[in-house]
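Following: one structure in structure tokens, then a few remarks.
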Amino acid sequence: MSHDIAPAEYERRKARHEKEVAECLAQLKRDGIDIKAVEAARGRAYAKVRSEMDAVNAKLRSQGKSPFIITRIERVFESDFQAALKKAGFSVIKLDTTGWTDKQGKPIWGFGGVSSVTGADFDELILHVSKLQWSLSKDRAALNYFLFVGLSEEPKAAMENLSKLSTRNDGKFQLLTTRRLQEMSARDDAKR
């Protein structure tokens with residue numbers, strides 16, 4: 001759920017973003033880096049990763065397993081995703097940064113953009129979800145939320161928000177740690 005930001009705020013964000021992009025492009029030019037060549041090389045690397053993930057997902061589907069869902073290509077290179085690939089029996093996918101790194105060897109990911117909308121407050125979201133349930137369904141649906149966290153994460157605010165949202169909607173909230181997911185997976189594997 002989101003809403004438009006004030007035009008003045010949008011213009012301020014846009015000007016700040018354009019200034020940052022211009023400074024970054026100027027630095028890349030001073031370093032002798034051609035941004036068009038960077039974009040082309042990054043595109044080739046992304047296409048290679050997509051191809052590799054398509055092959056992984058095709059194999060998983062042929063085995064009757066759920067595919068990996070990727071919303072952004074950078075996710076593939078995060079350590080927990082790589083660990084999941086290994087656990088599923090696949091090789092780690094390497095990031096080919098040939099032709100799209102800066103002088104320090106760091107990938108040049110891109111510059112993004114400026115959005116004219118901003119997210120709603122969580123309390124607004126809770127109210128909106130509750131209204132949708134009451135208006136769209138004769139029987140009130142229970143909303144169950146799961147928060148997936150790593151070993152050292154302590155997402156207290158998110159836990160409070162999700163607990164409040166699920167309770168208001170006749171559901172339940174459960175925190176799932178990496179250890180708990182492994183226990184659940186082992187239990188499911190034992191049942192098979």
Side-chain angles (χ1 to χ4, degrees), residues 1-2 20 24 28 33 35 37-113 115 119-120 122 125-126 129 142-167 169 171-192:
M1 190 171 155
S2 60
E20 290 170 357
C24 186
L28 291 172
I33 296 173
I35 195 63
V38 164
E39 290 170 348
R42 186 174 55 232
R44 286 189 301 274
Y46 280 16
K48 181 180 176 198
V49 171
R50 282 188 201 95
S51 174
E52 291 179 45
M53 284 306 305
D54 287 346
V56 165
N57 284 336
K59 187 166 185 180
L60 287 171
R61 283 188 193 100
S62 73
Q63 296 170 352
K65 296 179 181 176
S66 296
F68 286 102
I69 306 298
I70 303 164
T71 56
R72 56 184 179 79
I73 204 75
E74 295 87 354
R75 176 74 176 112
V76 173
F77 305 106
E78 293 172 4
S79 60
D80 62 325
F81 193 93
Q82 293 287 327
L85 277 173
K86 286 170 95 174
K87 186 174 180 181
F90 297 98
S91 299
V92 170
I93 294 177
K94 304 256 189 244
L95 177 61
D96 180 7
T97 58
T98 305
W100 61 286
T101 57
D102 61 17
K103 281 176 66 173
Q104 291 77 35
K106 295 178 184 171
I108 302 169
W109 292 104
F111 302 108
S115 177
F122 198 78
L125 179 62
I126 291 172
V129 169
L143 295 181
N144 299 305
Y145 289 92
F146 299 90
L147 179 62
F148 299 92
V149 298
L151 293 174
S152 61
E153 289 180 275
E154 294 184 27
K156 291 180 181 156
M159 289 170 60
E160 289 173 12
N161 286 337
L162 291 173
S163 180
K164 185 179 359 175
L165 178 60
S166 56
T167 302
N169 291 286
K172 65 180 179 179
F173 165 72
Q174 187 173 5
L175 178 69
L176 293 177
T177 61
T178 306
R179 178 179 293 164
R180 178 73 178 121
L181 284 173
Q182 289 169 344
E183 290 169 358
M184 291 168 68
S185 178
R187 187 185 67 220
D188 288 346
D189 290 343
K191 287 180 182 178
R192 290 183 194 162

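On a predicted model such as this, the values are computed, not experimentally measured, just so you know. In this chain, residues are counted from 1 in sequence order.
Not counting sequence neighbours, R187 has no partner by the salt bridge (Lys or Arg N to Asp or Glu O under 4.0 Å) test. T98 meets the side chain to side chain donor-acceptor pair (under 3.5 Å) test with D96; sequence neighbours excluded. Residues meeting the side-chain contact (heavy atoms from CB on, under 4.5 Å) test with T97, sequence neighbours left out: L95, W100, T101, P107. Residues forming a side-chain contact (heavy atoms from CB on, under 4.5 Å) with E39 (at least two apart in sequence, or on another chain): I35, K36, R42. In this structure D80 satisfies the salt bridge (Lys or Arg N to Asp or Glu O under 4.0 Å) test together with R75, sequence neighbours excluded.
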Residues 47-61 side chain polar contacts: donor-acceptor under 3.5 Å, at least two apart:
| residue | atom | partner | partner atom | Å |
| --- | --- | --- | --- | --- |
| N57 | OD1 | F68 | N | 2.7 |
| N57 | ND2 | F68 | O | 3.1 |

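Rounding to the nearest 0.5 angstrom, the gap separating the CD1 atom in I108 from the CG atom in L28 is 4.5 Å. A distance of 12.5 Å separates CZ in F81 from CD in E74, rounded to the nearest 0.5 Å.
A 4.5 Å side-chain heavy-atom check between I93 and L85 finds at least one atom pair inside the cut-off.
Across all their heavy atoms, V76 and Q82 have their closest contact at O-NE2, 2.6 Å.
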